Visitor: 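Dropping the structure in here first, questions after.
Throughout, residue positions are numbered sequentially from 1 according to the sequence presented. Heavy atoms only: backbone and side chains are in, while hydrogens, waters and symmetry mates are out. Everything numeric in this text was worked out from a predicted model, so none of it was measured.
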Amino acid sequence: MDRSFWKRREDVEDVSFPQLVFAHFLRQRELYAAAQAGAPSSERALQGPAEQEYQRCLKAFTRRNGEILDAYWCTHEISAVALTARSRWGWRGLWPHRELVTRLHGATDWATQHAQSISQQLYACEALAIRANEVLLGTSERIVMQLVVALSARLLAVVDRDEHPSAAELKRAVAESRAQLKDIHEYYSRAGEKAVRVFYVGGMLGGLALLGIAELMLRLTGATDEVLVAVGMGGVGAVVSVLTRMANRDANFHLDHEVGQKEARRLGAFRPFIGATFGAVLYLAIASGLVVIGGTQIAKTLPFYAVVAFLGGFSERWAKVVLDLAPPEPKPSPEPPPHRPAEVEGALEAPPEPAV
């Protein structure tokens, strides 16, 4: 087996973004000095050592992090922000299309060492970018990341100058950035609320698939049709209940979008099993006679158990009401007093004779 490809990947040195920023700064300084010297020097600078080092660092950085979509490189300090995107296959490599994975990179400590208010705003932008990477997907993620890198570049432009900005300029820039960051955060929150519902539904579908495998195992162990119907319809009822509440905006159904993609899917995967548990409990309660529904004139057939299990999985409150219908345990009646003969009763009731 030819391992040359893997050897080439191992030989490539990992380059961090601060290293790339430093190489870019040296390259720009070399180009500026050559441009002032004249045209021949400019042509030689394009093949100079700083240019070659920058190209080497850029190649290693993009190979690891993806193509640089947008960037702001400071000209007076060794600082920059950049947005990279690398493509990957869809879920587990089976989905036929590619999706972009964006990431915000920043190295701004040199430029903001005399402007802590700008540094705090850049940190807020970076924190929002991290949240967007963990919560959002697709178009909404790219929109948030593009807005964040644009705001970060605008903040860096305030301090990218020979002289330090005045206090009034810093105050005005921070106020404007806070308003813009608030708008970006509102868009992120709306997109996150929609995205977490998609993740939750995907988790429920995965939970239904696992429930089907569990039912197949129950069938192999000899479970009856009634048990299988109760378990399956209870899981389906739980999924339909969630979808109904999602479609109704007035329903009390809220998910925290910052729990993340994996956690939302895991929570959704448990939902069918909760409904299946209610369906199985209701079946056992009715089959054992603990709960009576509809009297004795209704035949306890598969459709009957399917409807009851579906309603139990659809509404936990309905299942609780049904289980509350179970009759309480009868209290023991007090035992009657023992029967005594009339002579004994008369002797006990007659007053004692006085002593002589």
Side-chain angles (χ1 to χ4, degrees), residues 91-92 193-257 259-331:
W91 185 81
R92 301 299 183 185
E193 292 175 358
K194 297 178 182 179
V196 72
R197 296 191 175 195
V198 175
F199 304 145
Y200 194 83
V201 171
M204 288 194 303
L205 297 179
L208 276 180
L210 295 177
L211 185 61
I213 297 175
E215 285 204 315
L216 180 60
M217 297 177 64
L218 290 176
R219 167 65 73 181
L220 296 177
T221 56
T224 61
D225 294 339
E226 289 80 3
V227 173
L228 297 177
V229 167
V231 171
M233 293 303 294
V236 173
V239 174
V240 174
S241 174
V242 173
L243 295 178
T244 304
R245 284 186 287 173
M246 282 185 178
N248 186 9
R249 295 183 178 181
D250 297 332
N252 187 16
F253 185 83
H254 301 287
L255 291 172
D256 187 4
H257 56 274
V259 298
Q261 304 174 17
K262 295 181 180 180
E263 286 73 12
R265 291 191 180 98
R266 290 171 183 171
L267 291 175
F270 282 110
R271 190 72 183 187
F273 288 92
I274 296 175
T277 302
F278 278 109
V281 170
L282 287 178
Y283 162 74
L284 295 175
I286 297 173
S288 62
L290 183 64
V291 175
V292 179
I293 298 179
T296 59
Q297 65 275 14
I298 297 180
K300 305 302 188 291
T301 59
L302 282 178
F304 172 81
Y305 288 118
V307 172
V308 172
F310 179 84
L311 293 178
F314 187 86
S315 176
E316 298 86 348
R317 184 179 301 176
W318 187 87
K320 182 178 181 301
V321 171
V322 173
L323 294 177
D324 288 341
L325 294 178
E329 296 183 358
K331 297 181 179 180

Visitor: Between Thr224 and Val227, does the side chain to side chain contact (heavy atoms under 4.5 Å, CB included) criterion hold? Intermediate values first, please.
Guide: CA-CA 5 Å; Thr224 61; Val227 173; 3.3 Å; yes

Visitor: Atom CG in Leu311, atom CZ in Phe278: separation rounded to 0.5 Å?
Guide: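 One gets 13.5 Å once the value is rounded to the nearest 0.5 Å.
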
Visitor: Looking only at heavy atoms, what is the nearest atom pair of Ala238 and Gly275, with distance?
Guide: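 Closest approach of Ala238 to Gly275: CB-CA, 3.8 Å.
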
Visitor: Contact between Ile286 and Phe304 at the side-chain level, heavy atoms closer than 4.5 Å - yes or no?
Guide: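 Answer yes - side chains close enough.
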
Visitor: Can you see which heavy atom on Val231 is nearest to which on Ala280, and at what distance?
Guide: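 Answer, listing the atom of Val231 first, then Ala280: CG2-CB, 4.1 Å.
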
Visitor: Evaluate the side chain to side chain contact (heavy atoms under 4.5 Å, CB included) criterion for residues Val196 and Gln261: first the C-alpha distance (whole Å), next the side-chain angles of each, then the deciding distance (0.1 Å), finally the verdict.
Guide: CA-CA 7 Å; Val196 72; Gln261 304 174 17; over 6 Å; no

Visitor: Kindly give the heavy-atom pair with the smallest separation between Ala306 and Val229, and that separation in Å.
Guide: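 Heavy-atom minimum between the residues: CB-CG1, 3.4 Å.
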
Visitor: Any heavy-atom pair between the side chains of Val236 and Val239 that's under 4.5 Å?
Guide: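 A side-chain contact is absent here, since even the closest heavy-atom pair is not under 4.5 Å.
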
Visitor: Taking the side chain as C-beta and beyond, is there a heavy-atom pair between Glu226 and Tyr283 under 4.5 Å?
Guide: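 Answer yes - side chains close enough.
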
Visitor: Atom CG in Leu302, atom CE in Met233: separation rounded to 0.5 Å?
Guide: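 One gets 11.5 Å once the value is rounded to the nearest 0.5 Å.
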
Visitor: Tell me, please, which residues at least two apart from Phe199 pass ring-ring contact (aromatic ring centres under 6.0 Å, His included).
Guide: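 If we apply the ring-ring contact (aromatic ring centres under 6.0 Å, His included) test to Phe199, skipping adjacent residues, there are no hits.
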
Visitor: Measuring from His257:NE2 to Glu193:CD, what's the distance to the nearest 0.5 Å?
Guide: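 Here the interatomic distance stands at 6.5 Å.
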
Visitor: State, to 0.1 Å, how close Ala230 and Ala309 come at their nearest heavy-atom pair, and which atoms those are.
Guide: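 Reported closest heavy-atom pair: O-CB, 3.3 Å.
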
Visitor: In Å, rounded to the nearest 0.5 Å, how long is the span from CZ of Phe310 to CG of Leu282?
Guide: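 Taking CZ in Phe310 and CG in Leu282, the distance rounds to 13.5 Å.
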
Visitor: Just verifying a value: how many Å separate Leu205 CG and Leu210 CG, rounded to the nearest 0.5 Å?
Guide: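 Between Leu205 CG and Leu210 CG, I get 11.0 Å after rounding to 0.5 Å.
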
Visitor: Looking at Ser241 and Gly237, would you say the former's side chain and the latter's main chain have a donor-acceptor pair under 3.5 Å?
Guide: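 Checking the backbone N and O of Gly237 against the side chain of Ser241, no donor-acceptor pair under 3.5 Å is found.
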
Visitor: Report the distance from atom CZ of Arg245 to atom CZ of Arg197, rounding to the nearest 0.5 Å.
Guide: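 One finds 10.5 Å between CZ of Arg245 and CZ of Arg197.
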
Visitor: Does anything in residues 301-315 form a salt bridge (charged side-chain N to carboxylate O under 4.0 Å, His left out)? List the pairs, not counting sequence neighbours.
Guide: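 Qualifying pairs, neighbours excluded: none.
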
Visitor: Can you name the side chain to side chain contact (heavy atoms under 4.5 Å, CB included) partners of Leu228, sequence neighbours left out?
Guide: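 Listed in chain order: Glu215, Leu218, Arg219, Ala223.
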
